[in-house]
Amino acid sequence: MASTLQEWKLQQVCVLTCDGRFLVGQLMGHDQLQNLILNEAVEHVYSPDDNVEEVPLGLYVVRGDNVAVIAEFEKLDLTIKTEPLPEIHQQIF
């Protein structure tokens, strides 16, 4: 995964965490444990009643064991109204 993340360095990415948070920011760095450093990070908070709320976080570190999905990011329609994402539980076999 580290080689793929290198291609996204200094680009906007979105990160879905295992606790259901949706973060967007510029990928500044990562390591072999998938710990991420996001610059100008923003958390998008979803609600069934209101538009998407953006919470500025600034320079932000996401622990690798809390990362569920990483993807390229371009733009988001902030008028979406939806239920918040549930937590993602990892099953160990």
Side-chain angles (χ1 to χ4, degrees):
M1 166 114 20
S3 62
T4 302
L5 290 178
Q6 187 64 30
E7 297 172 10
W8 292 343
K9 192 168 183 181
L10 303 179
Q11 293 186 26
Q12 284 289 109
V13 296
C14 60
V15 178
L16 178 61
T17 64
C18 293
D19 58 357
R21 297 173 70 195
F22 186 82
L23 308 172
V24 175
Q26 182 183 27
L27 182 63
M28 300 302 291
H30 64 282
D31 64 10
Q32 68 275 14
L33 299 176
Q34 202 173 338
N35 295 312
L36 306 176
I37 301 172
L38 301 178
N39 190 32
E40 298 177 7
V42 175
E43 179 179 359
H44 291 181
V45 180
Y46 294 89
S47 168
D49 303 320
D50 296 320
N51 292 343
V52 177
E53 179 184 354
E54 289 188 309
V55 180
L57 303 172
L59 188 62
Y60 200 74
V61 176
V62 184
R63 284 183 49 121
D65 61 352
N66 195 29
V67 174
V69 178
I70 307 170
E72 293 178 292
F73 184 81
E74 291 184 16
K75 188 177 178 184
L76 177 70
D77 180 5
L78 296 177
T79 61
I80 295 173
K81 296 177 182 171
T82 186
E83 293 290 328
L85 296 170
E87 289 188 20
I88 299 170
H89 298 284
Q90 183 180 33
Q91 289 183 325
I92 300 173
F93 297 99

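Residue indices begin at 1 and follow the sequence shown.
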**Q.** L57 with I70, same ILVMFWY side-chain cluster at under 4.5 Å
**A.** yes

**Q.** Stepwise side chain to side chain contact (heavy atoms under 4.5 Å, CB included) test for E54 and H44
**A.** CA-CA 5 Å; E54 289 188 309; H44 291 181; 3.2 Å; yes

Q.
With a sphere of 6.0 Å drawn around CD of Q11, does it hold more than 12 non-hydrogen atoms of other residues, nucleotides or ligands?
A. yes

**Q.** Min side-chain heavy-atom separation L38-L27 under 4.5 Å
**A.** yes

Q: Grab the two heavy atoms, one from A41 and one from Y60, that are nearest each other, plus how far apart they are.
A: CB-CB, 3.7 Å

(Q) Rounded to the nearest 0.5 Å, what separates atom CG in D31 from atom CG in L5? (A) 10.0 Å

Q) Rounded to the nearest 0.5 Å, how far apart are CG of L33 and CZ of R63? A) 9.0 Å

Q | In one Ile/Leu/Val/Met/Phe/Trp/Tyr side-chain cluster, 4.5 Å: M28, V13 | A | no

Q. Do L23 and L36 share a hydrophobic cluster, counting only Ile, Leu, Val, Met, Phe, Trp and Tyr and linking them when any side-chain heavy atoms are less than 4.5 Å apart?
A. yes

Q: Identify whether V55 and V15 are in the same connected component of the hydrophobic contact network (ILVMFWY, side-chain heavy atoms under 4.5 Å).
A: yes

Q) Would E53 and E43 count as a side chain to side chain contact (heavy atoms under 4.5 Å, CB included) if you check the C-alpha gap in whole Å, the side-chain angles of each, and the deciding distance to 0.1 Å? A) CA-CA 8 Å; E53 179 184 354; E43 179 179 359; over 6 Å; no

(Q) With heavy-atom distances below 4.5 Å as the criterion, would you say the side chains of D50 and V45 are in contact? (A) no

Q: Output yes when a side-chain donor or acceptor of Q26 lies under 3.5 Å from a complementary backbone atom of L10, and no otherwise.
A: yes

Q.
Side-chain heavy atoms nearer than 4.5 Å, only ILVMFWY residues, links allowed to pass through others: does that put F73 and Y46 together?
A. yes

Q) Between E72 and C14, which heavy-atom pair has the shortest distance, and what is it? A) O-SG, 4.1 Å

